[in-house]
2 protein chains.
Amino acid sequence: MARPSKPLLSPEIIVGAALEMTAETGGFTVPELAKRLGVRPSSLYNHVSGRAEIIELIRRQMHEAMAVRVDVNADWPDVVRLVASAHRASMARHPWLIPLLATSPADLDTSITTIENVATVLSKAGFTDQDVLMTIAMMDIITIGASLDLVSPQNLYPPEVLAETATLARITRSVPAGTPRADAAFEFTVELVIDALRTRLSRSRRAAVAADAATAAATGAATARHATG
Amino acid sequence: MARPSKPLLSPEIIVGAALEMTAETGGFTVPELAKRLGVRPSSLYNHVSGRAEIIELIRRQMHEAMAVRVDVNADWPDVVRLVASAHRASMARHPWLIPLLATSPADLDTSITTIENVATVLSKAGFTDQDVLMTIAMMDIITIGASLDLVSPQNLYPPEVLAETATLARITRSVPAGTPRADAAFEFTVELVIDALRTRLSRSRRAAVAADAATAAATGAATARHATG
DNA sequence: ACCTGAACACCGTTCAAGT
DNA sequence: ACCTGAACACCGTTCAAGT
């Protein structure tokens with residue numbers, strides 16, 4: 001029962017079991033993990049350096065799971081919707097890891113491709129570099145916040161609390177609580193933001209056109225001379 | 001050295017020390033907490049039921065810290081800005097508790113007053129009940145996401161990662177990285193959202209006016225008869 | 001009422017011993 | 001190379017004993 005002819009474990013097997021366990025119980029411990037794998041706790045240390053590395057591997061895998069195939073020719077609002085939804089769904093699957101994900105740099109892995117594609121789409125649509133960067137950061141903020149919101153209790157404002165309020169009580173009463181609150185809030189936010197970006201885009205386009213016109217008028221004679229350069 | 005004439009501990013003292021410790025090290029353990037208080041671990045159990053209750057008390061205190069005095073007569077964009085900033089700052093002070101805060105219902109405490117006041121301001125400004133609720137949820141999403149973003153590394157996209165990209169690399173190069181990235185992203189998001197809410201508000205006002213006009217036209221004769229009712 | 005010391009179950013990790 | 005068993009330091013918690 002020492003060294004088996006075929007290894008019983010591997011980093012992949014360990015991470016897989018750990019992911020299962022976190023999905024079921026919201027966390028994992030090394031001894032429980034070993035039991036689930038039919039092995040002694042110390043055996044795991046032949047394949048991973050410890051609990052920290054298991055978590056790190058899970059984090060990597062989540063980042064990879066967040067890779068979304070983006071059609072670089074699609075409309076930018078569709079891309080924003082798609083990527084935001086996918087990221088939110090991926091993160092909400094492992095809420096206790098969200099702080100970890102949010103506070104760790106992007107990996108050398110597939111998820112960076114998604115972001116690169118989003119940047120390309122936004123850039124092609126005419127957003128300024130600054131706006132592209134800010135929009136991507138904003139999407140991060142919203143998906144992280146919304147994924148935590150997604151795993152929060154359906155009833156954020158219990159009746160006892162509402163009893164002490166006037167406006168809030170009236171409002172929560174008058175709004176149909178039917179559709180999942182978190183989904184509605186996420187959709188509202190994304191659509192609002194897309195709307196705002198749209199007007200921002202058309203404003204900056206108009207400004208660009210005006211600037212071009214002004215430049216053209218001011219340097220008209222000069223440009224005419226070497227128009228083919 | 002058994003029972004002192006004056007108690008050495010109290011829930012407040014324990015929570016205070018725990019908060020100090022989390023601020024310094026990002027967490028706390030019961031034995032360390034006891035050591036800091038010059039007491040044996042078991043002593044704490046005379047005042048709190050256990051580690052879980054200490055965390056719960058911290059959570060309550062954070063909720064209370066997030067209470068913001070809102071001027072109910074201020075402009076709604078100012079209120080949104082103020083409350084969002086204050087919440088983000090409070091949460092970022094204890095990042096490891098953010099998931100806990102986000103996933104626990106509002107307390108019977110002071111923080112609900114802040115929300116009630118925000119609701120009142122938005123309502124008075126003319127937003128529909130639905131929009132008020134969605135806006136508050138959206139503010140939650142944004143402040144939670146932004147507070148986690150605030151504690152993430154300054155350099156989310158390390159050079160090795162950017163090497164594999166074209167658009168993203170160009171953009172991050174062309175944008176001055178001077179001002180703290182997280183602050184800029186938060187401000188961008190809040191202002192964008194306020195802008196969008198502003199146009200949404202004026203749209204719904206126009207719609208209301210139009211509806212009123214239509215109603216008035218249709219029921220003109222009838223209304224004229226009991227205009228004083 | 002409130003602090004102590006001993007005790008327990010559990011955790012993460014190390015390492016010599018086995019094949 | 002890879003699993004095991006014993007061991008260690010640490011954690012959260014309980015409880016009888018003391019004043």
Side-chain angles (χ1 to χ4, degrees), chain A residues 1-62 94-97 99-100 103-104, chain B residues 1-62 94-97 99-100 103-104:
Chain A
M1 35 208 72
R3 167 142 154 75
S5 55
K6 189 90 199 304
L8 303 176
L9 301 178
S10 74
E12 293 72 37
I13 291 174
I14 293 172
V15 168
L19 272 170
E20 275 180 40
M21 196 171 303
T22 64
E24 290 167 17
T25 67
F28 76 94
T29 79
V30 176
E32 281 170 15
L33 199 52
K35 190 179 294 179
R36 171 181 289 247
L37 291 164
V39 114
R40 301 290 156 188
S42 50
S43 306
L44 302 188
Y45 291 82
N46 287 299
H47 303 270
V48 291
S49 67
R51 189 174 193 277
E53 192 184 353
I54 298 176
I55 292 175
E56 171 61 19
L57 291 174
I58 291 178
R59 194 186 63 73
R60 278 190 141 74
Q61 181 158 327
M62 279 187 66
H94 302 285
W96 69 284
L97 280 178
L100 206 69
T103 60
S104 68
Chain B
M1 34 211 71
R3 166 144 152 79
S5 55
K6 188 92 196 307
L8 303 176
L9 300 177
S10 72
E12 293 72 37
I13 292 173
I14 293 172
V15 168
L19 272 170
E20 274 179 41
M21 197 171 302
T22 65
E24 290 167 16
T25 67
F28 76 93
T29 80
V30 175
E32 281 170 15
L33 198 52
K35 190 180 292 180
R36 173 181 288 247
L37 292 165
V39 114
R40 301 290 156 186
S42 50
S43 305
L44 303 189
Y45 291 82
N46 287 300
H47 302 272
V48 291
S49 66
R51 189 174 193 276
E53 192 185 352
I54 298 177
I55 291 175
E56 171 60 20
L57 291 173
I58 292 178
R59 195 186 61 73
R60 277 190 142 73
Q61 180 159 325
M62 278 187 66
H94 301 285
W96 69 285
L97 280 178
L100 205 69
T103 59
S104 67

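All chains are named by letter (A, B, ...) in the order of the sequence lines, taking the proteins before the strands, and each is independently numbered beginning at 1. Heavy-atom basis, side chains included; hydrogens, waters and symmetry copies ignored.
Partner assigned to C:dA9 is none, using Watson-Crick or G-U wobble distances below 3.5 angstrom. Across all strands shown, D:dA17 forms no Watson-Crick or G-U wobble pair with both distances under 3.5 Å.
The distance from atom CD1 of A:Ile55 to atom CG of A:Leu97, rounded to the nearest 0.5 Å, is 7.0 Å. To the nearest 0.5 Å, atoms CG (B:Asn46) and OG (B:Ser10) are separated by 12.5 Å.
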(request) Please lay out, stage by stage, how B:Leu33 and B:Ile54 fare under the test side-chain contact (heavy atoms from CB on, under 4.5 Å). (result) CA-CA 11 Å; B:Leu33 198 52; B:Ile54 298 177; 3.9 Å; yes
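As a whole-Å value, the separation of B:Leu8 CG from C:dC3 P is 5 Å. Whole-Å rounding puts the B:Ile14 CD1 to C:dC3 C1' distance at 12 Å.
Surrounding CZ of A:Arg40 are at most 12 heavy atoms belonging to other residues, nucleotides or ligands under 6.0 Å away.
Checking the phosphate oxygens (OP1, OP2) of D:dC3, no side-chain nitrogen or oxygen of A:Arg40 falls inside 4.0 Å. Taking side-chain N and O atoms only, A:His47 has no distance below 4.0 Å to OP1 or OP2 of D:dA1.
Cation-pi check for A:Arg36 over A:Phe28 is not met; the charged atom does not lie both under 6.0 angstrom from the ring centroid and within 45 degrees of its normal.
Taking a cutoff of 4.0 Å between a charged side-chain nitrogen and a carboxylate oxygen, A:Arg59 and A:Glu56 qualify as a salt bridge.
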(request) Quick one, give me the B/S/- string for nucleotides 13-19 of chain C, reading 5' to 3', where B means a protein heavy atom under 4.0 Å from the base and S means that only happens at the primed atoms, P, OP1 or OP2. (result) BBB--BB
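The side chain of B:Val39 sits closest to C:dT4 out of D:dC3, D:dG12, C:dT4.
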